[in-house]
Amino acid sequence: MLAKFSISYTVFPEHNKRVDTHYTDDPVDAELFLSQLLKGGARIFEIKHDGVNLEPHAYDRMIKIASERLAGRMIGVSLKIDYAEVRHRFGLAV
């Protein structure tokens, strides 16, 4: 049985050609994993849902959500404020 989401990526793309794939059935886990890839500067090749590449709009939406979560967490840590204040002041989820 296929996992609902699969994310193909390369860590350190300028030095590494090996493509790895992360599998998960949880969309929140997929977004958190994408956040970590963005934070680490990994190259994201494709995101699949039920074995089919996401449409460009859905792909961009997942990347946007992951980047907003990452930004919210970074702001919260840097300013030493809780998630509710990050959401209230900056409109970002954590």
Side-chain angles (χ1 to χ4, degrees):
M1 185 170 125
L2 291 173
K4 286 214 178 270
F5 292 94
S6 64
I7 302 166
S8 297
Y9 64 97
T10 296
V11 180
F12 306 117
E14 58 280 344
H15 302 293
N16 183 11
K17 302 295 182 210
R18 190 180 89 216
V19 176
D20 293 310
T21 305
H22 175 76
Y23 298 97
T24 183
D25 288 327
D26 183 8
V28 174
D29 179 55
E31 291 165 0
L32 291 173
F33 188 75
L34 285 169
S35 292
Q36 293 306 310
L37 292 176
L38 292 171
K39 183 178 179 181
R43 170 93 27 89
I44 302 167
F45 291 104
E46 63 185 10
I47 305 170
K48 291 185 177 185
H49 182 257
D50 289 332
V52 178
N53 282 336
L54 287 179
E55 294 292 323
H57 176 72
Y59 179 94
D60 292 351
R61 184 174 181 276
M62 282 195 76
I63 297 295
K64 181 181 177 189
I65 290 169
S67 65
E68 287 177 349
R69 284 181 186 236
L70 177 60
R73 268 188 263 131
M74 293 173 79
I75 289 170
V77 169
S78 293
L79 302 180
K80 199 171 181 181
I81 57 178
D82 65 4
Y83 72 91
E85 191 169 352
V86 170
R87 184 166 184 80
H88 174 71
R89 288 175 60 183
F90 301 98
L92 298 172
V94 179

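Count residues from 1 along the sequence. These numbers come from a predicted model, not from an experiment.
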- Message: Check this for me: does any side-chain nitrogen of one of Lys48 and Glu46 sit under 4.0 Å from a carboxylate oxygen of the other?
- Response: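 Yes, charged N to carboxylate O under 4.0 Å.
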- Ion pair present between Asp20 and Arg18, side-chain N to carboxylate O less than 4.0 angstrom? yes
- Quick one: closest heavy-atom pair of Gly41 and Pro13, and the distance?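 So the minimum-distance heavy-atom pair works out to O-CD, 3.7 Å.
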Do the non-hydrogen side-chain atoms of [X] and [Y] ever get within less than 4.5 Å of each other?
{"X": "Asp50", "Y": "Val52", "answer": "no"}
{"X": "Tyr59", "Y": "Ile44", "answer": "yes"}
{"X": "Thr21", "Y": "Ile7", "answer": "no"}
{"X": "Thr10", "Y": "Lys17", "answer": "no"}
{"X": "Val19", "Y": "Arg43", "answer": "no"}

Between [X] and [Y] (side chain of the first, backbone of the second, donor and acceptor by atom type, cut-off under 3.5 Å), is there such a pair?
{"X": "Ser35", "Y": "Arg69", "answer": "no"}
{"X": "Ser67", "Y": "Lys64", "answer": "yes"}
{"X": "Asp25", "Y": "Lys4", "answer": "yes"}

Does one hydrophobic cluster hold both [X] and [Y], with members joined at side-chain heavy-atom distances below 4.5 Å?
{"X": "Phe45", "Y": "Phe12", "result": "no"}
{"X": "Tyr23", "Y": "Leu34", "result": "no"}
{"X": "Ile75", "Y": "Leu32", "result": "no"}
{"X": "Leu38", "Y": "Met74", "result": "yes"}

- Message: Classify the ring geometry of Phe33 against Tyr9: parallel below 30°, tilted from 30° to 60°, perpendicular beyond 60°.
- Response: perpendicular
- side chain to side chain contact (heavy atoms under 4.5 Å, CB included) between Phe90 and Leu79: does it pass, once the steps are laid out? CA-CA 12 Å; Phe90 301 98; Leu79 302 180; 3.8 Å; yes
Enter the distance from [X]:[atom1] to [Y]:[atom2] here, rounded to the nearest 0.5 Å.
{"X": "Lys80", "Y": "Asp82", "atom1": "NZ", "atom2": "CG", "value": "12.0 Å"}
{"X": "Ile47", "Y": "Glu31", "atom1": "CD1", "atom2": "CD", "value": "9.5 Å"}
{"X": "Ile63", "Y": "Leu70", "atom1": "CD1", "atom2": "CG", "value": "11.5 Å"}

- Using the side chain to side chain contact (heavy atoms under 4.5 Å, CB included) rule, take Leu54 and Met62 through it: C-alpha gap first, then chi angles, then the decisive distance, then the call. CA-CA 10 Å; Leu54 287 179; Met62 282 195 76; 3.6 Å; yes
- Message: Are there over 12 heavy-atom neighbours, none belonging to Glu55, within less than 6.0 Å of that residue's CD?
- Response: no
- Message: Atom OH of residue position Tyr83 - does it have more than 12 heavy atoms of other residues, nucleotides or ligands inside 6.0 Å?
- Response: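 Open.
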- Task: Go through Ile81 and Arg89 one step at a time and tell me if the side chain to side chain contact (heavy atoms under 4.5 Å, CB included) criterion holds.
- Result: CA-CA 10 Å; Ile81 57 178; Arg89 288 175 60 183; 4.1 Å; yes
